[in-house]
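To keep things clear, I will list the structure first and then write my remarks on it.
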Amino acid sequence: MPLALLLSRIRLPPAAMASTRSASSARLVRASRAEANPVVREVKRESSVSFDISKPESPSVKRKRVKRELEENGEHPVKQVVPDIEDFRYDKTKALISSSKATPPLVKVEKKARVSAVIKENWEAVLRGIKNMRLSGQAPVDTKGCEKAGSLLPPKERRFAVLISTMMSSQTKDEVTHAAVERLSENGLLDPDAIVRTDEAMLANLIKPVGFYQRKAQFIKEASKICLERFGGDIPDSLNELLALRGVGPKMAHLVMSIAWKNTQGICVDTHVHRISNRLGWVFREGTKQKTTTPEQTRISLEKWLPKDEWEPINPLLVGFGQTICTPLRPKCDMCGINNLCPSAFKESSSPNPKQKKTRSP
DNA sequence: GTCCGGGTCT
DNA sequence: AGACCCGGAC
């Protein structure tokens, strides 16, 4: 789930705060989030929305229906213009590295006895190699310079937009998320007060193209209420308080801290960062040499040695890399410029894996 | 047509 | 571990 493109559209001006805090306590925070933020409980489902989508229907029928509904959406009380999602469609051919010529200058690897030593000596070369690969092709995240939409907004509104778009963005292509943000914007709903006054079902309908839209509509309403009641309409400026928002987990919280507040508290570990870090042998479960099993383990492990300057850029870098070359299934190791630095290179079979077993045998 | 990925909550 | 959703891979 590439966020960088989306977020690059909402980038803030260089005015930012520089205070740094301890980056460690996300877990504790999550554990105690209920106490930390009593409002969260109160806000709990105050409206239950029932949707016509509950009817059983075939996936394809449903797909068509949703599409149609999107197109017809103009009939709603809130005047809206469906953003041209088609115009934002992710062009996969563009995203793929076009030629083997993408291979960057390779760095010699000398076998070292100790894995950690190898990592320490090579991480810079690895990052450099990945950057080079990213230059030759255009991953979705590479399309920058779309600061227009975001830069028109005052800082506070921009931060709110970042929060809302982040909350909508998980499991959703950033083009779609962006369209949804635009739709909210066009309806004057990039504003906590307006959102709170908007019917949840209507909100859900507006953001329908994004995944899990009902749940997100609920969470966005809750978050807006909390922003209003506790933060003067601004978004929380600490990791803890962001994590206290329902629908905001570690990944999104770190992202929002980086993008909205320019105050990176930790690494934003999504599925790409998680997968690639493990393939590179960059991260281990506490006290073992085993791969990490959760993004949070990856984050902790990565933060232990990766210089803080790299914390923010590592996400868009690996996301783009993961979209184009180091894909979850059948990574394109032959096109990868750092395959000589990667302990996992060519080790994952290009045809279906042990995973196949996983079909159904309870 | 079926299945799977992906972040978060429960 | 399953639910939430959709698009894309198979």
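Residue numbers begin at 1 in each chain, while the letters A, B, ... track the order of the sequences. In what follows, every heavy atom counts, from backbone to side chain, and hydrogens, waters and symmetry copies are set aside.
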Starting at atom [atom1] of [X], determine the distance to atom [atom2] of [N], rounded to an integer number of angstrom.
{"X": "A:Q214", "N": "C:dC6", "atom1": "CD", "atom2": "P", "result": "9 Å"}
{"X": "A:Q171", "N": "C:dG8", "atom1": "CD", "atom2": "C1'", "result": "15 Å"}
{"X": "A:I207", "N": "C:dC6", "atom1": "CD1", "atom2": "P", "result": "11 Å"}
{"X": "A:E296", "N": "B:dT8", "atom1": "CD", "atom2": "C1'", "result": "12 Å"}
{"X": "A:I276", "N": "B:dG6", "atom1": "CD1", "atom2": "C1'", "result": "15 Å"}
{"X": "A:F212", "N": "C:dC6", "atom1": "CZ", "atom2": "P", "result": "9 Å"}
{"X": "A:M168", "N": "C:dC5", "atom1": "CE", "atom2": "P", "result": "15 Å"}
{"X": "A:L242", "N": "B:dC9", "atom1": "CG", "atom2": "P", "result": "12 Å"}

- Task: Taking only the side-chain heavy atoms of A:K173 (C-beta and beyond), determine which of B:dC9, C:dG7, B:dT8 contains the nearest atom.
- Result: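 Comparing B:dC9, C:dG7, B:dT8 against the side chain of A:K173, the answer is C:dG7.
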
- Task: Taking only the side-chain heavy atoms of A:R215 (C-beta and beyond), determine which of B:dG6, C:dC4, C:dC6 contains the nearest atom.
- Result: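 The listed nucleotide nearest to A:R215's side chain is C:dC4.
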
- Residues in salt bridge (Lys or Arg N to Asp or Glu O under 4.0 Å) with A:D234, at least two apart?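 Partners of A:D234 by the salt bridge (Lys or Arg N to Asp or Glu O under 4.0 Å) criterion, ordered by chain and then number, come out as A:R159.
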
- Query: Taking only residues two or more places apart in sequence or in another chain, which ones pass salt bridge (Lys or Arg N to Asp or Glu O under 4.0 Å) with A:R279?
  - Reply: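 A:E348.
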
- Message: If you compare all heavy atoms of A:G337 against all heavy atoms of A:M133, which two are closest, and at what distance to 0.1 Å?
- Response: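 Taking every non-hydrogen atom into account, N-SD, 3.1 Å.
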
- OP1, OP2 of B:dG6 versus side-chain N and O of A:T271: anything below 4.0 Å?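 Answer yes for this pair, as a side-chain N or O of A:T271 is under 4.0 Å from OP1 or OP2.
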
- Distance test, side-chain N/O of A:R330 to OP1/OP2 of C:dA9, below 4.0 Å: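 For C:dA9, OP1/OP2 do not have a side-chain N/O of A:R330 under 4.0 Å.
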
- Could you tell me whether A:E124 and A:K131 make a salt bridge, using a distance below 4.0 angstrom between a side-chain N and a carboxylate O?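 Salt bridge between A:E124 and A:K131, a charged N being under 4.0 Å from a carboxylate O: no.
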
